[in-house]
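Written below as structure tokens is the structure these notes are about.
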Protein chains: 2
Amino acid sequence: MRVNKFLTIYENLVERIQSGNIKPNTKLPSENELVEQYGTSRETVRKALNLLSQNGYIQKIKGKGSFTLDVGKYDFPVSGLVSFKELAEKMGKPWKTIVCELDLEKPDPYIQKQLNINGKDSVWKIARARELENERIILDKDYVLQSVVPTLSKKICEGSLFAYLEGELGLKISFAKKEISVDEPTEEDYRYLDLKDYKHIVVVKNYIYLEDASLFQYTESRHRLDKFRFVDFARRGH
Amino acid sequence: MRVNKFLTIYENLVERIQSGNIKPNTKLPSENELVEQYGTSRETVRKALNLLSQNGYIQKIKGKGSFTLDVGKYDFPVSGLVSFKELAEKMGKPWKTIVCELDLEKPDPYIQKQLNINGKDSVWKIARARELENERIILDKDYVLQSVVPTLSKKICEGSLFAYLEGELGLKISFAKKEISVDEPTEEDYRYLDLKDYKHIVVVKNYIYLEDASLFQYTESRHRLDKFRFVDFARRGH
DNA sequence: AAGTGGTCTAGACCACCTT
DNA sequence: AGGTGGTCTAGACCACTTA
């Protein structure tokens, strides 16, 4: 075994749930049974089950067992950190990315503040319009520290920036803070998007951190009102 | 000790971080040191630290230690499940709740679908306008299964519905699914809110589940555009 | 009473970082 | 080499549910 036991158990169970092999609202094998099935210890099984619980796959009930939840309704999971490319593919819709801007620049004061840097650091600015069903409905503006990402190309930006950062550069993205609000469109929004007559735009600000807790990217996703949707799963308490 | 060890350790550390006793971006004691300080085992300490990590208080780095994050920017944590009352109090602003409607009724087809019931079940409908700084900016419409909550009063709705459900009735709320979108205002919105000239409204749909994974409440929070804000903290991967 | 999940322990080995 | 967090184990006791 090279990989994590609890992760492989988790992935195996996710697979079985998503494929319908284990049906919604049915009882999973008990922890002790899973211990035997996977030939491991109970704490390891419990680690896998807690992951399933956190991610909304199952509900654990003391004295009764673990039950699968109806996970079918997650048709647009913006929850967590998901790139546009992953998302569009999951929805199976035709999509296109248009790279509007790609520049290395000294950031303006607002971006300096968002990234918590001073004017000396260079920043990549990427502006990309996202086209779904022949309408440009999302404008993604990324600001990436050049000290972390030395080189970038139009080709990379047309694909998945995330895949490049994690795959090619080996960066490990650890967590993100997200803020959703509504604002008035800027000139840029009108220029790059098919905004129709909408007088407002949904703004999602993303602050993205690496494994060492350093902030390295600020992204502003600007969504046309009627096409915006955000889904979240939250457990209460602790 | 009556209570959970790992929870008391967690709460103790949260307290120390939020009070500034432990400053942002500093190193916590190592796990082994915490084992000694709290007189417990390492797995228990790790359970507390993992909770801190999940909730955005610390970042754990292999080989180096656990470091506090700058948690100061969480001034409006709608993330997770938080009631309006808890929120308003946290912000320290004057707020008021106006109960617009309180009825026991047979739900219309849309609500039946949301709650996954048929027309025979009775449902409490509660409509409440939330007033902040003399403007009614949020309309909360709650639909609660009468089979779970037999009685309700105007007085209860003026306070915190959550506090009543969890405190008085002893219901245990386990998790919720949330969906954010933008829609056009209804007549109801115009009647109960100070909508100004805004032609759209932010809609947050909440599906709230009990410990046994049964859906018992559907809530629609309708926010005036300019006052809407949603903050989320998300860890990547697993 | 038997089965279930929740908590806790003491110890082990590993991978990573620092010195 | 020593310290750190990450994983895993085998066993224990508890609280809750069901029969």
Side-chain angles (χ1 to χ4, degrees), chain A residues 1-13 25-54 57-69 170-172 174-175 210-214 235-238, chain B residues 1-13 25-54 57-69 170-172 174-175 210-214 235-238:
Chain A
M1 282 288 184
R2 254 329 60 224
V3 289
N4 285 343
K5 254 186 201 178
F6 80 91
L7 252 190
T8 57
I9 297 174
Y10 166 76
E11 282 159 4
N12 182 275
L13 289 172
N25 302 311
T26 59
K27 188 174 166 302
L28 283 184
S30 76
E31 295 183 350
N32 285 321
E33 286 170 322
L34 290 172
V35 163
E36 294 210 347
Q37 285 182 29
Y38 287 100
T40 182
S41 71
R42 197 171 149 227
E43 284 290 357
T44 300
V45 165
R46 285 178 53 72
K47 239 166 143 177
L49 292 181
N50 284 336
L51 250 191
L52 287 168
S53 170
Q54 271 173 39
Y57 288 104
I58 66 168
Q59 176 74 356
K60 309 182 81 181
I61 306 179
K62 196 191 295 195
K64 294 174 96 172
S66 298
F67 299 84
T68 50
L69 295 175
L171 293 180
K172 294 200 180 147
S174 171
F175 61 91
L210 296 176
E211 217 175 16
D212 65 352
S214 68
R235 288 205 171 265
R236 172 123 174 128
H238 280 313
Chain B
M1 281 286 184
R2 263 315 70 220
V3 287
N4 286 345
K5 254 185 199 178
F6 81 91
L7 252 189
T8 57
I9 296 173
Y10 167 76
E11 283 160 3
N12 181 276
L13 289 172
N25 302 312
T26 59
K27 188 174 165 304
L28 283 184
S30 77
E31 296 182 349
N32 286 320
E33 286 170 322
L34 290 172
V35 163
E36 294 210 346
Q37 285 182 28
Y38 288 101
T40 181
S41 70
R42 195 169 151 229
E43 284 292 356
T44 301
V45 165
R46 284 178 53 72
K47 238 165 143 180
L49 292 181
N50 284 335
L51 250 191
L52 287 168
S53 171
Q54 271 174 40
Y57 288 104
I58 65 169
Q59 176 76 355
K60 308 181 80 180
I61 306 179
K62 195 191 294 195
K64 294 173 93 170
S66 299
F67 299 83
T68 49
L69 294 175
L171 294 180
K172 294 201 179 145
S174 173
F175 62 91
L210 296 177
E211 217 174 18
D212 64 354
S214 69
R235 288 206 170 266
R236 172 126 174 128
H238 281 310

Expressed as a whole number of angstroms, how long is the span from A:Leu51:CG to D:dC8:C1'? 16 Å
D:dG6, OP1 or OP2 - any side-chain N/O from A:Lys47 closer than 4.0 Å? no
Nearest-angstrom distance from the residue atom NZ of A:Lys5 to P of C:dC14: 14 Å
Name the nucleic acid region contacted by A:Leu49, choosing base, sugar-phosphate or nothing; use a 4.0 angstrom heavy-atom cut-off, strictly under. nothing
With a 4.0 Å limit, can you tell me whether B:Ser66 has a side-chain N or O closer than that to the phosphate oxygens OP1/OP2 of D:dT4? no
Crowded around A:Lys27 NZ? As in, over 12 foreign heavy atoms under 6.0 Å? yes
Using a 4.0 Å cut-off on heavy atoms, which residues in residues 29-37 of chain A reach DNA chain C? List them by number, or say none. A:Ser30, A:Glu31
Would one find a side-chain N or O of B:Arg46 under 4.0 angstrom from OP1 or OP2 of D:dG6? yes
Reading DNA chain D from 5' onward, which residue's closest nucleotide shows up sooner: B:Gly65 or A:Ser41? B:Gly65
Proximity to the side chain of A:Phe6 - top-ranked nucleotide from D:dC8, C:dG5, D:dG6: D:dC8
Rounded to the nearest 0.5 Å, what separation is found between the CG atom of A:Leu7 and the OG1 atom of A:Thr44? 11.5 Å
Nearest heavy-atom pair of A:Thr40 and A:Lys5: which atoms, and what distance? OG1-CD, 3.7 Å
base_contact_polar (D:dC8 base, B:Glu43 side chain, donor-acceptor, <3.5 Å): yes
What is the separation between atom CG on B:Asn4 and atom P on C:dT9, rounded to the nearest whole Å? 11 Å
Go through it in stages, so that I can follow the logic: the residues are B:Asp212 and B:Ser214, the test is side chain to side chain donor-acceptor pair (under 3.5 Å), and I'd like the CA-CA distance, side-chain angles, deciding distance and then a yes or no. CA-CA 6 Å; B:Asp212 64 354; B:Ser214 69; 2.8 Å; yes
Tell me the interatomic distance from A:Phe67, atom CZ, to D:dT17, atom C1', rounded to whole angstroms. 10 Å
Please lay out, stage by stage, how B:Lys64 and A:Glu211 fare under the test salt bridge (charged side-chain N to carboxylate O under 4.0 Å, His left out). CA-CA 12 Å; B:Lys64 294 173 93 170; A:Glu211 217 175 16; over 6 Å; no
Which comes earlier along DNA chain D counting from the 5' end, the contact point of A:Thr40 or that of A:Lys64, where each point is its nearest nucleotide? A:Thr40
Just by distance, do the side chain of A:Asn50 and the backbone of A:Arg46 share a donor-acceptor pair under 3.5 Å? yes
Counting only heavy atoms not in B:Glu36 (residues, nucleotides, ligands), do more than 12 fall under 6.0 Å from its CD? no
